[in-house]
J.: 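Sharing a structure below in structure tokens format, with a few things to ask.
Only heavy atoms go into these numbers, but all of them, side chains included; no hydrogens, no water, no symmetry mates. Here is how names work: the chains are called A, B, and so on, in the same order as the sequence lines, proteins then strands, and each is numbered from 1.
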Protein chains: 2
Amino acid sequence: MRRAEVPPRRRKGDFDMSFAAGADLGLLIRKLKSIITVSDAERSAIERLPMTRRQLPARQDIVRDGDHPTQCCLMLEGWAFRYKLLDEGKRQILSVHIPGDIPDLQSLHLPVMDHNLGALTACTVAFIPHEALRELTRTHPGITAALWRDTLVDAAIFREWMTNIGRRSTSGRITHLFCELYLKLHAMGLAENHACEMALTQGDIADAIGVSNVHVNRVLQELRGEGLLTLQGQRLVIHDWAGLTKRAEFDPAYLHLKRAPAP
Amino acid sequence: MRRAEVPPRRRKGDFDMSFAAGADLGLLIRKLKSIITVSDAERSAIERLPMTRRQLPARQDIVRDGDHPTQCCLMLEGWAFRYKLLDEGKRQILSVHIPGDIPDLQSLHLPVMDHNLGALTACTVAFIPHEALRELTRTHPGITAALWRDTLVDAAIFREWMTNIGRRSTSGRITHLFCELYLKLHAMGLAENHACEMALTQGDIADAIGVSNVHVNRVLQELRGEGLLTLQGQRLVIHDWAGLTKRAEFDPAYLHLKRAPAP
DNA sequence: CGCATCGTTGATGGGGATCAATAGCTGTGG
DNA sequence: CCACAGCTATTGATCCCCATCAACGATGCG
């Protein structure tokens with residue numbers, strides 16, 4: 001369990017103010033298209049969204065517990081994660097986010113943050129003002145439904161994590177987490193052939209599944225020993241997808257992916 | 001940990017088809033009014049919602065994992081809960097719901113259930129067709145925002161539970177759960193003076209916080225011994241609210257209540 | 001090349017699961 | 001009105017999973 005290190009807040013200067021050429025927002029459109037049919041009018045409304053592009057170093061906080069954000073954060077490159085800190089520095093990781101995600105979309109309707117959002121790796125994000133998003137939802141009910149749905153999938157993943165932490169064995173928890181991450185990456189075209197980046201350290205994994213980092217290390221060795229997976233550096237290779245999903249009791253239904261997962 | 005007993009599905013006949021006189025929907029309006037300002041037009045649109053009233057016996061499932069619901073369930077009386085079942089009958093309770101809640105509102109945008117919803121006590125519910133709710137959201141953006149926000153608070157509670165299960169001591173988990181339930185009941189006018197109904201059995205509590213029922217029993221005795229609370233029959237009495245919230249590291253911010261909690 | 005973070009390993013102890021048995025409670029039916 | 005059935009709560013005994021502490025490699029970066 002990681003002790004309470006407070007990462008530096010982002011500083012002014014480490015971003016460029018290039019406002020959107022709709023290119024970056026293509027990622028958002030792609031995400032929405034995986035949920036609904038996007039009309040031309042909707043597409044063009046999205047492409048007209050104002051945004052600020054930013055580069056963030058790894059492990060830097062983006063929004064903090066208690067903040068009152070005025071914008072949402074669209075992930076363009078890199079991974080982010082949400083987490084809570086408790087007394088004595090205990091940390092619970094709540095979710096992991098990849099390009100296409102809007103990890104703080106809830107701030108559109110919940111004015112105060114009840115957790116932290118941080119960059120896991122160095123990453124590129126686009127900040128979109130709440131006001132622009134509110135206007136978009138006022139005028140485009142279809143987009144509203146899609147964004148709403150996106151937050152509902154978020155919640156569905158929370159429920160699964162709760163179950164993971166509360167009722168699965170440690171090896172089940174780890175393998176379940178890996179199955180989920182691989183499928184999410186795969187759905188966004190960021191993984192193929194049962195291999196993907198793994199930006200989480202063993203300490204991060206520990207704080208995501210509610211065990212100690214030492215224990216994560218030992219169980220990972222078991223999983224390697226069984227030939228289920230390899231985890232070296234920042235790369236996860238799944239050698240036995242069927243075995244992994246079985247070990248994890250993994251059923252992808254909770255991800256509510258449009259296309260059936262065929263990894 | 002409760003073994004997989006499959007409760008009987010609801011039968012035809014145990015409900016009456018009395019369609020809404022807006023009386024029951026007053027509860028929904030009350031809930032929404034705690035979130036937004038409800039205009040006369042909105043109020044009357046809500047009161048015109050079609051609904052079917054039903055009486056359900058305790059422990060009966062309302063919607064099941066894998067179902068494709070065509071309606072949402074508004075709690076009128078009694079408690080409900082959401083849960084998942086794993087292999088070997090392990091159960092994780094995901095949330096607890098009281099009058100005013102719509103525990104399956106997510107089904108409006110996620111067609112397939114990824115968990116179960118069951119009656120905890122005997123209860124009265126109102127089923128509202130998805131189609132009517134969709135029409136309501138099409139025509140009333142304010143209500144859409146309020147309902148969306150409601151699902152976001154739901155998700156915020158999931159995050160807190162995740163943290164509870166993953167990183168708190170057992171006594172912290174139990175006390176945190178009690179603080180939350182008391183405050184939710186209090187906010188709906190269903191509890192006063194640090195006392196309330198407690199429909200959860202020790203086994204239910206165990207499955208909500210990720211420990212065994214035996215352990216819940218022992219920790220409850222400690223809490224009683226410290227004079228923090230009394231739990232007899234179906235009644236919870238909190239003797240030392242300050243002590244309880246401290247033990248729980250309880251910060252109500254995540255509930256996103258409109259009025260500051262003043263229990 | 002030196003420091004920091006991450007990964008790895010060993011030793012130790014405790015929190016909590018599990019099994020088993022008893023007691024209390026509630027509704028049901030004879 | 002009591003007996004019985006079926007839950008729920010309680011208690012004791014045993015064991016082991018996993019947290020914790022500590023130390024040491026490995027790795028990567030400025």
J.: Nearest to the side chain of B:Ser212 - C:dT18, D:dA9, C:dT9?
T.: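 Nearest to the side chain of B:Ser212 among the choices is C:dT18.
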J.: Over how many whole Å does the gap from A:Arg218 atom CZ to D:dC21 atom C1' extend?
T.: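 It works out to 11 Å between those atoms.
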J.: Which nucleotide sits closest to the side chain of B:Val211: C:dG7, D:dT10, C:dA17?
T.: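 Nearest nucleotide to the side chain: C:dA17.
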J.: Listing request: all salt bridge (Lys or Arg N to Asp or Glu O under 4.0 Å) pairs with a residue in residues 174-188 of chain A, at least two apart in sequence or in separate chains.
T.: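 Sorted result for residues 174-188 of chain A: A:Asp101-A:Lys184.
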J.: Does the side chain of A:Asn217 get closer than 4.0 angstrom to OP1 or OP2 of C:dG7 through an N or O atom?
T.: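 Checking C:dG7 against A:Asn217, no side-chain N or O comes under 4.0 Å of OP1 or OP2.
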J.: What is the distance, rounded to the nearest whole Å, between atom CD of B:Gln232 and atom C1' of D:dT8?
T.: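 Taking CD of B:Gln232 and C1' of D:dT8, I get 14 Å after rounding.
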J.: Could you tell me the separation between the NZ atom of A:Lys90 and the P atom of D:dC18, rounded to a whole number of Å?
T.: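 After rounding, the reported distance stands at 18 Å.
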J.: Let's go through A:Phe158 and B:Asp154 carefully: what are the C-alpha distance in whole Å and the side-chain angles of both, what is the deciding distance for side-chain contact (heavy atoms from CB on, under 4.5 Å) to 0.1 Å, and is it a yes or a no?
T.: CA-CA 10 Å; A:Phe158 292 152; B:Asp154 226 51; over 6 Å; no
J.: What's the CG-P distance between A:Leu200 and C:dC6, to the nearest Å?
T.: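 After rounding, the reported distance stands at 12 Å.
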J.: Among B:Arg235, B:His239, B:Arg224, whose side-chain hydrogen bond (donor to acceptor under 3.5 Å, both in side chains) with B:Thr230 holds?
T.: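 Checked B:Arg235, B:His239, B:Arg224 against B:Thr230; only one passes side-chain hydrogen bond (donor to acceptor under 3.5 Å, both in side chains): B:His239.
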J.: Nearest to the A:Thr201 side chain among C:dT9, C:dT18, C:dC6, which nucleotide is it?
T.: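 Given the options C:dT9, C:dT18, C:dC6, the side chain of A:Thr201 is closest to C:dC6.
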J.: Write out a two-atom table: protein N or O, nucleotide N or O from nucleotides 22-30 of chain D, distance below 3.5 Å.
T.:
none

J.: For B:Arg168, answer base if it contacts any base atom (sugar-phosphate contacts may also be present), sugar-phosphate if it contacts only those atoms, and nothing otherwise; contact means non-hydrogen atoms under 4.0 Å.
T.: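 Nothing: the residue B:Arg168, judged by heavy atoms under 4.0 Å, touches no strand.
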J.: In this structure, how many angstroms lie between the P atom of C:dT8 and the CD atom of A:Glu222, rounded?
T.: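 Answer to the nearest Å: 13 Å.
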J.: Considering residues at least two apart in sequence or located in another chain, which fulfil the side-chain hydrogen bond (donor to acceptor under 3.5 Å, both in side chains) criterion with A:Ser95?
T.: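 A:Arg82, A:His97.
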J.: Compute whether any side-chain donor of one residue and acceptor of the other, for A:Thr124 and A:Glu77, lie under 3.5 angstrom apart.
T.: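 Note: A:Thr124 and A:Glu77 side chains meet the donor-acceptor criterion.
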J.: For a quick check under 3.5 Å, do B:Gln221 and B:Asn217 share a side-chain donor-acceptor pair by atom type?
T.: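 The criterion, which ignores hydrogens and geometry beyond distance, is satisfied for B:Asn217 and B:Gln221.
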J.: Which nucleotide, C:dG7, D:dA9, D:dT20, lies nearest any side-chain atom of B:Gln202?
T.: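 Of C:dG7, D:dA9, D:dT20, D:dA9 is nearest to the side chain of B:Gln202.
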J.: Between B:His176 and B:Tyr254, is a ring-ring contact (aromatic ring centres under 6.0 Å, His included) present by the stated rule, with each step listed?
T.: CA-CA 12 Å; B:His176 196 283; B:Tyr254 74 96; 5.7 Å; yes
J.: Within the structure shown, what part of the strands sits under 4.0 Å from B:Arg224 by heavy-atom distance: base, sugar-phosphate, or nothing?
T.: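 The answer is sugar-phosphate, as B:Arg224 gets under 4.0 Å only of primed atoms, P, OP1 or OP2.
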J.: Looking across every strand, which nucleic acid part, if any, lies under 4.0 Å from B:Thr170 by heavy atom: base, sugar-phosphate, or nothing?
T.: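 Since only primed, P, OP1 and OP2 atoms lie under 4.0 Å of B:Thr170, the category is sugar-phosphate.
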J.: Could you check how far CG of A:Leu231 sits from P of C:dG7, rounded to whole Å?
T.: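 One finds 8 Å between P of C:dG7 and CG of A:Leu231, rounded.
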J.: Among C:dG16, C:dT8, C:dT18, which is the nearest nucleotide to the side chain of A:Gln221?
T.: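 Output: C:dT8.
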J.: Could you state the atom-to-atom distance from NE2 of A:His215 to C1' of D:dA19 in whole Å?
T.: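 Those two atoms, NE2 and C1', are 9 Å apart.
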J.: Specify the separation, in whole Å, of atom CG of A:Asn213 and atom P of D:dT20.
T.: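 Going from CG in A:Asn213 over to P in D:dT20 covers 10 Å.
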